K.L.:
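Quick one: the structure is below, questions incoming.
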Number of protein chains: 2
Amino acid sequence: MKEGPNIAGIAALIGDPARANMLQALMTGVALTASELAQEAGVTPQTSSFHLGRLAEAGLVTLRRQGRHKYYNLADADVAALLEAMSGIAMRAGMTRVRTGPKEPALRKARVCYNHLAGEYGVQAYDSLLARAFLVEDGEQLHLTGDGRSFLSELGVVLPDKESKRRPLCKSCLDWSARRSHLAGIAGTSLLSFFLERGWAKRVDGSRIIEFSKSGDSHFHAIFSL
Amino acid sequence: MKEGPNIAGIAALIGDPARANMLQALMTGVALTASELAQEAGVTPQTSSFHLGRLAEAGLVTLRRQGRHKYYNLADADVAALLEAMSGIAMRAGMTRVRTGPKEPALRKARVCYNHLAGEYGVQAYDSLLARAFLVEDGEQLHLTGDGRSFLSELGVVLPDKESKRRPLCKSCLDWSARRSHLAGIAGTSLLSFFLERGWAKRVDGSRIIEFSKSGDSHFHAIFSL
DNA sequence: CAATTGTTTCGATCGTGATCGAACAATCAA
DNA sequence: TTGATTGTTCGATCACGATCGAAACAATTG
């Protein structure tokens, strides 16, 4: 009777509070164990295991075993993008959490999205690279130009020699707070770790917030001026 | 304890099969009455009313009363984009409907996405306009150039004189089948009705499929060659 | 080897939410 | 007015799925 893929399936999967909390926790990009996710969602390890099984079965998360632990991650950037988009709609609908703490503005400013930089800082970096033609959009594809490659390399951002088909070097990701694109893909990941390794920015506890230091802030604006 | 908007809320909303069916039916872009949606979802009018109340409350659908009818629509293109993105994930996860009829290839070829053209034809039109610089991407923004405007106008596609802030003239929308962008926004809507009014393409029953006539097909490829 | 920690399976419970029957309200056509 | 169509509200039912206790299983450490 109906055509098209089964939307209700994955929606119901994300629709459970426990699973939604787990997925949001994984949006930080760090791999988490089953028990850590259980605590994050506020459920016992047994139920956590049950939920993770379903999420993995549906291909929303991946896991790699390491010793007696199982580390979980979001399957890929597409899933992260879906969650990010859903955040946008949820926020617009006024379905903000009861507990809307003081962290909110910090989240808008700079946060991690799966494994790359999002928020105001994320879109500024994206726009800046685009304005100087270091980055060009081609349909849905996104390419780093030769100039762009040398620019980033000279800064100290490590990049692979050649593009791979499976994991694109550059990819745009829609930002729920700014409603603009920011840089994802390998380059996006490298860029974030570039700032983290230098101590110019650091992650806050278990949240998605990224805090720039005073010097890190000025460095950022020097690099990504508009 | 948690930060960020409540994803589980809207996900759970979409997660119910009846509501998901309703939303997918609304993806055709046509306004449907409460009882039509009830039949579409395979539930009684009472439950339909219940579900529509929740969807409207969450801002996923809008309604306008007309006589003793209530016509429902998707709230806006953002909601449509979310559903489209979810289709992509669901399809990749192999969660296709049991009833995967012969309509599928037709759906991939050309279909309506909320109110504009999607599928292979949609992305081809998009790429073609982009290649001739009739359309330019600027960050997340999408602009119609002067040449592009006159090109479309001379064809007979009606466009408003000036851009409005609320409803952008051009907007890109991610295609779940092709994984590429196609044209949304006012221009996307006008383009679709351009083909429909001329009889070059027509909609199939209550589905999202758009069927091009023989002459409509050649016209399309003449206009949007690559 | 035992002891500890992490994860899963099983079984049972329990609450939430979807569903429908029936009655009610509103609109339109005579 | 009466009758027909459309939509909603209320109440009760009922099934599905989330949850946890208990126990088994797996892997590491001492």
Side-chain angles (χ1 to χ4, degrees), chain A residues 1-2 6-26 30-58 60-73 93 95 98 206, chain B residues 1-2 6-26 30-58 60-73 93 95 98 206:
Chain A
M1 207 67 177
K2 299 288 172 306
N6 189 356
I7 283 188
I10 31 125
L13 226 45
I14 308 176
D16 178 74
R19 286 192 288 259
N21 283 334
M22 291 178 177
L23 291 172
Q24 281 195 329
L26 289 175
V30 300
L32 295 173
T33 68
S35 34
E36 283 172 331
L37 286 168
Q39 185 177 1
E40 194 71 31
V43 294
T44 58
Q46 312 109 3
T47 53
S48 164
S49 174
F50 166 68
H51 288 312
L52 289 170
R54 313 218 70 181
L55 290 175
E57 181 188 16
L60 292 182
V61 301
T62 57
L63 64 144
R64 42 179 228 275
R65 327 190 31 141
Q66 211 161 117
R68 55 183 163 185
H69 294 276
K70 277 196 176 178
Y71 284 97
Y72 286 89
N73 259 320
M95 306 187 69
V98 225
Chain B
M1 208 66 178
K2 299 288 174 307
N6 188 357
I7 284 188
I10 32 126
L13 226 44
I14 307 175
D16 179 72
R19 285 192 289 258
N21 284 334
M22 292 179 178
L23 291 172
Q24 281 194 329
L26 289 175
V30 300
L32 295 174
T33 69
S35 36
E36 285 172 328
L37 285 168
Q39 184 177 2
E40 194 71 31
V43 295
T44 58
Q46 312 109 5
T47 51
S48 163
S49 176
F50 166 68
H51 288 312
L52 288 171
R54 312 215 64 171
L55 289 175
E57 182 189 16
L60 292 183
V61 301
T62 58
L63 66 142
R64 43 177 227 275
R65 326 190 31 145
Q66 212 161 114
R68 53 182 163 185
H69 293 279
K70 275 195 179 179
Y71 285 97
Y72 285 88
N73 259 320
M95 307 187 69
V98 223

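It should be emphasised that the depicted structure is a prediction, and the values quoted were computed from it without experimental measurement. Letters go in sequence order (proteins before strands), and every chain restarts at 1.
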K.L.:
Less than 4.5 Å apart, side chain to side chain, heavy atoms only: is that true for L52(A) and L37(A)?
P.N.:
yes
K.L.:
If the condition is side chain to side chain donor-acceptor pair (under 3.5 Å), which residues does E57(B) pass it with, not counting sequence neighbours?
P.N.:
none
K.L.:
Rounded to whole angstroms, how far apart are CD on E57(B) and C1' on dT8(D)?
P.N.:
15 Å
K.L.:
Test of understanding: with side chain to side chain contact (heavy atoms under 4.5 Å, CB included), list the residues that count as partners of T33(B), not counting sequence neighbours.
P.N.:
S35(B), E36(B), H69(B), Y71(B)
K.L.:
So L55(A) and L23(A), side chain to side chain contact (heavy atoms under 4.5 Å, CB included) or not? Walk me through it.
P.N.:
CA-CA 9 Å; L55(A) 290 175; L23(A) 291 172; 4.2 Å; yes
K.L.:
In residues 7-19 of chain A, what donor-acceptor pairs under 3.5 Å come from side-chain atoms, sequence neighbours left out?
P.N.:
from   : atom 1 : to     : atom 2 : distance (Å)
D16(A) : OD2    : A18(A) : N      : 3.1
D16(A) : OD2    : R19(A) : N      : 3.3
R19(A) : NE     : L13(A) : O      : 2.6
R19(A) : NH1    : H51(A) : ND1    : 3.0

K.L.:
Scan nucleotides 3-6 of chain D against the protein and return all N/O pairs shorter than 3.5 Å with their distances rounded to 0.1 Å.
P.N.:
from   : atom 1 : to     : atom 2 : distance (Å)
dT5(D) : O2     : R68(B) : NH1    : 3.2

K.L.:
Separation of Q39(A) atom CD from dT7(C) atom C1', in whole Å?
P.N.:
16 Å
K.L.:
What's the CG-C1' distance between L32(B) and dG7(D), to the nearest Å?
P.N.:
16 Å
K.L.:
Would you mind reading off the distance between L63(B) atom CG and dA26(C) atom P, rounded to a whole angstrom?
P.N.:
17 Å
K.L.:
Could you tell me whether the side chain of S48(A) reaches within less than 4.5 Å of the side chain of E40(A), counting heavy atoms only?
P.N.:
no
K.L.:
Can you build the contact string for nucleotides 17-22 of chain D? Use B for base contact, S for sugar-phosphate-only contact, and - for no protein heavy atom under 4.0 Å.
P.N.:
-SBBBB
K.L.:
What residues form a side chain to side chain donor-acceptor pair (under 3.5 Å) with S49(B), not counting sequence neighbours?
P.N.:
none
K.L.:
Taking side chain to side chain donor-acceptor pair (under 3.5 Å) as the test, write out the residues that go with T62(A), two or more places apart.
P.N.:
none
